[in-house]
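To keep things clear, I will list the structure first and then write my remarks on it.
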Amino acid sequence: MASILILGGGFAAIAAAEKLSANLGDGHEITIVSIDDHFTFYPALVPLVFGDFEPDEIHFDLRPKLAERGIRFIKGEVLSIDAEGRTVTLTGEDVEGTIHFDYLIVALGRRLATERVPGFFEHAHHLLGVSPALKFKSAVTSFQKGAIVVGLCPDAFLPVPVCETALALAERFKTEIADGKVSVTAVFPTTLEKAFAGSALFRDIDEEFDSRGIRLVSDFAVERVTETSVRSALGATLHYDLLMLVPPFRGQASLRHLAPVTDAAGFAQVNDGLQVKGYDNIYAAGDIISLPGPRFGYMAIRQGKVAASNIIAQLKGEEPDTEYTHTIEWALDEKYTDPVFFHYGFWDETVEDYDENAFFGMAKVIRQHYGPVRYDAAKPGNFAPKTAAK
């Protein structure tokens, strides 16, 4: 019997566990270790702020869903990984000590490096969790007039929430923007094209911003935040009355024992099969791996499935030959939907990794909230929002 250990509780971890449990019998043990026993559907956090989602609709208890499929769950924090000894040291509610593995999938995600931007913790909102999203929602609800700044910090790879938030704010304060009482500014450390890795995902985002009264500021690398302003690395400043930033990211400290297979920022370096360099029984998937460009949930899902597929092959005595192709895909209509949320991947039947039963049925709940997806071969991603569903 093989012991398969999955570290993390996000998209990559759950997708890997799902595939493993569906393809392996009771002869192997699958264990998930996560610091949180709830799964958060991150793409729905901006709709939580501006739409009609409730927290319990995007925040799911993992324990019963995993138990139904015979997957062991341990709530705990990963302290270190001993690759040679095939053990992971944990601390937490369920265990204190080490746990053995035959195969390991590291899907711990990124760490928020807010300490790299002095003043961020004291003055900036962010959307990377249910609690901070609800805090920002409260701030938006009580906001009446002034300057709103939303932005992407250097070494953050999630430009979509910035765009979504800017558009949602422009929609919320449409009258106030027209009257000059509210302004919305979106800042990026590079150009928008570079923020999206030159993938032309948003053919007309700058025109869209302009039409909605959103000021776009490029090449503004956020370096410091004060109580009333944001300063760039080149000394430029922007005044704000309400601020939301996506902070810098870095790898997890628990991977330091795997050096030198991590890059300078602490992210795991892997081969095309997502094996951590130098170890044929250790895989990494999701935001913890070192990849260029922005990150999306469907990428993590695909990575989790690739890692699981290769472990399944190895358990059968076969070569692990499933490879991950790092491509940026989009499934949208001519412009946007809802009209401000970018329903990428999870809402579109044309995306090969989508499955309405994915994430142990959690994705289905989200999709039912939004309403049906109308498929049109000429316009992939033709989306019918909940309010328009018949």
Side-chain angles (χ1 to χ4, degrees), residues 2-24 28-36 38-43 60 62 65-66 69-74 78 81 88 101-110 157-158 251-252 254-255 267-276 279-291 294-315 320-329 344-346 351-364 366:
S3 175
I4 305 167
L5 186 59
I6 304 171
L7 306 181
F11 284 121
I14 301 304
E18 198 167 43
K19 188 169 186 67
L20 288 166
S21 66
N23 288 272
L24 297 178
H28 302 291
E29 182 180 67
I30 305 169
T31 302
I32 280 187
V33 175
S34 177
I35 197 170
D36 192 349
H38 281 70
F39 170 84
T40 300
F41 199 89
Y42 275 85
F60 303 91
L62 282 175
K65 295 181 181 297
L66 296 174
R69 291 156 180 83
I71 300 171
R72 180 186 179 196
F73 178 82
I74 296 176
V78 177
I81 300 170
V88 174
F101 66 84
D102 294 304
Y103 294 92
L104 178 68
I105 299 177
V106 182
L108 291 168
R110 74 264 166 169
F157 39 69
L158 293 178
Q252 299 286 353
S254 56
L255 294 190
F267 294 100
Q269 299 186 77
V270 295
N271 63 18
D272 290 340
L274 299 184
Q275 290 171 312
V276 172
Y279 303 98
D280 62 4
N281 67 325
I282 300 179
Y283 293 79
D287 285 352
I288 192 62
I289 66 176
S290 178
L291 286 173
R295 312 291 174 89
F296 301 113
Y298 72 80
M299 293 178 178
I301 296 167
R302 187 170 298 164
Q303 292 159 14
K305 290 181 177 182
V306 167
S309 295
N310 284 328
I311 290 175
I312 292 168
Q314 288 176 295
L315 289 172
D321 59 1
T322 304
E323 295 185 350
Y324 169 71
T325 302
H326 186 54
T327 58
I328 299 174
E329 300 171 358
Y344 50 94
F346 303 105
V351 177
E352 66 176 88
D353 294 291
Y354 180 81
D355 179 349
E356 70 173 7
N357 294 314
F359 325 123
F360 306 124
M362 292 180 279
K364 185 175 182 179
I366 298 286

> Should I14 and L62 be marked as a side-chain contact (heavy atoms from CB on, under 4.5 Å) after you check the CA-CA gap, both sets of side-chain angles, and the distance that decides it?
Replying inline: CA-CA 9 Å; I14 301 304; L62 282 175; 3.7 Å; yes

> Are F101 and I282 side-chain neighbours, meaning at least one heavy-atom pair lies under 4.5 Å?
Replying inline: yes

>> With a 3.5 Å distance limit and no angle check, can you tell me whether N281 reaches the backbone of Y103 through a side-chain donor-acceptor pair?
In response: no

> Which pair of non-hydrogen atoms, one from A107 and one from A12, has the smallest distance, and what is that distance?
Replying inline: CB-CB, 4.0 Å

>> Walk me through whether F157 and R110 qualify under side-chain contact (heavy atoms from CB on, under 4.5 Å).
In response: CA-CA 10 Å; F157 39 69; R110 74 264 166 169; 4.1 Å; yes

> What's the spacing between D287 CG and L108 CG if we round to 0.5 Å?
Replying inline: 11.0 Å

>> Is any side-chain heavy atom of L66 closer than 4.5 Å to one of I32?
In response: yes

>> Looking at every non-hydrogen atom in both residues, tell me the closest pair between K19 and S309 and how far apart they are.
In response: CE-OG, 2.7 Å

> Ignoring hydrogens and geometry, is there a side-chain-to-backbone donor-acceptor pair from T40 to Y42 under 3.5 Å?
Replying inline: no

> Hey, what do you get for CD1 (I74) to CD1 (I35), rounding to the nearest 0.5 Å?
Replying inline: 14.0 Å

> Quick check: does any side chain N or O of Q314 sit under 3.5 Å from a backbone N or O of D280, one acting as donor and the other as acceptor?
Replying inline: yes

> Which atom pair, heavy atoms only, marks the closest approach of I301 to A15?
Replying inline: O-CB, 3.7 Å

> Taking all non-hydrogen atoms of both residues, which atom of A284 and which atom of V270 are closest, and how far apart?
Replying inline: CB-CG1, 3.8 Å

>> To the nearest 0.5 Å, what is the distance between NZ on K65 and CD1 on I71?
In response: 12.0 Å

> Do you know which two heavy atoms are closest between G286 and A300, and how far apart they sit?
Replying inline: CA-CB, 3.9 Å

>> Just verifying a value: how many Å separate I289 CD1 and F267 CZ, rounded to the nearest 0.5 Å?
In response: 10.5 Å

> To the nearest 0.5 Å, what is the distance between CG (L20) and CD1 (I4)?
Replying inline: 5.0 Å

> From Y283 OH over to I105 CD1, what is the distance, rounded to the nearest 0.5 angstrom?
Replying inline: 8.5 Å

>> Is the shortest side-chain heavy-atom distance between F11 and Q303 below 4.5 Å?
In response: no

>> Looking at every heavy atom in both V306 and T322, which two are closest together, and how far apart are they?
In response: CG1-O, 3.6 Å

> Quick one: does N271's side chain have a donor or acceptor within less than 3.5 Å of a partner on V276's backbone?
Replying inline: no

> Which is it for I81 and Q252 under the side-chain contact (heavy atoms from CB on, under 4.5 Å) test, yes or no, and what are the steps along the way?
Replying inline: CA-CA 11 Å; I81 300 170; Q252 299 286 353; over 6 Å; no

